[in-house]
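To keep things clear, I will list the structure first and then write my remarks on it.
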Amino acid sequence: MSIDDITKNMTDTNRPVFSISVAAEMIGVSVHTLRMYEAEGLVFPHRTASSRRLYSHNDLHRLRCIRVMLDERGLNIAGIKAMMSLAPCWDIKNCALEDRMSCPAYIETTTPCWLVENKPRVCSEEECRNCPVYMELTLCGNMKLFLKRHWKQV
DNA sequence: ATTCTGACA
DNA sequence: TGTCAGGA
């Protein structure tokens, strides 16, 4: 299964469905904690017109993975972000050489690309929540598996 | 009734 | 991370 296939499948589960209280209940954390994860840039749920958060199935999966990293793998928030910042976004997005050389995300090692400012058009024009770089990093912190899939070596 | 942002014993 | 304020 290619990155494109995975991305396509995930789009279906990317719709806004759960309120923050329901999401918190399902994940087993407080609504406050959920807002904190968002403030840290680990996940960004949809927002209603009145700015209410609505979590998708993907968001829920992502949050479960975050809990695994936090509870079972000895990572803290900073560690999770550092790991996520290692995703080869330039390759996944087929970023032009001159673009990547001027992109902060290409150099950054502690901030995931979706939290970086001043990115080239290929990225600044797309909603990060719909970007494969963001959506793919939901594999429970298994960066190695993520890279294997990316390089199609599974 | 619920959620939002910001603040802090 | 919990909780309270003051709105929406």
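Basis for what follows: all heavy atoms, side chains included, without hydrogens, waters or symmetry-related copies. Lettering follows sequence order; numbering is per chain, from 1.
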Kindly point out which of C/dG2, B/dT3, C/dT1 is positioned nearest to the side chain of A/R35?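 Per side-chain heavy atoms of A/R35, the pick is B/dT3.
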
Nearest to the side chain of A/R67 - B/dT3, C/dG2, C/dT1?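 The answer is C/dT1.
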
Grab the [atom1]-[atom2] distance between [X] and [N] for me, whole Å please.
X	N	atom1	atom2	value
A/E25	B/dT2	CD	C1'	15 Å
A/Y55	B/dC4	OH	C1'	12 Å
A/E38	B/dT3	CD	P	14 Å
A/H32	B/dT3	NE2	P	15 Å
A/M36	B/dG6	CE	C1'	16 Å
A/L34	C/dG2	CG	P	11 Å

Is it true that A/E126 and A/K93 have a side-chain N and a carboxylate O under 4.0 angstrom from each other?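 Salt bridge between A/E126 and A/K93, a charged N being under 4.0 Å from a carboxylate O: yes.
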
When you check the gap from the basic side-chain N to the acidic O, do A/R129 and A/D59 get nearer than 4.0 Å?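 Yes, A/R129 and A/D59 are salt-bridged.
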
Between the base of B/dT2 and the side chain of A/R52, is there a donor and acceptor pair under 3.5 angstrom?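 Pair found.
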
Any base atoms under 4.0 Å from A/S21, or only sugar-phosphate, or nothing? Heavy atoms, all strands.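 Sugar-phosphate: the residue A/S21, judged by heavy atoms under 4.0 Å, touches backbone atoms but no base.
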
Which nucleotide, in any strand shown, forms a Watson-Crick or G-U wobble pair with C/dT1, with both distances under 3.5 Å?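 Base partner found: none.
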
Opposite nucleotide pairing with B/dA1, Watson-Crick or G-U, both atom distances under 3.5 Å: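 With both distances under 3.5 Å required, B/dA1 matches none.
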
Under 3.5 Å, is there a donor-acceptor pair between the A/R62 and A/Y37 side chains?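 Short answer, no.
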
So, OP1 or OP2 of [N]: does either fall under 4.0 Å of a side-chain N or O from [X]?
X	N	result
A/T33	C/dT1	yes
A/S51	B/dC4	no
A/R47	B/dT5	yes
A/S19	B/dT3	yes
A/R53	B/dT3	no

Donor-acceptor pair, distance only, cut-off 3.5 Å: does the side chain of A/R100 make one with the backbone of A/C89?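 No, A/R100 side chain to A/C89 backbone: no donor-acceptor pair under 3.5 Å.
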
Give a yes or no on whether the backbone of A/P112 and the side-chain of A/S85 come within a donor-acceptor separation of less than 3.5 Å.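 Absent.
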
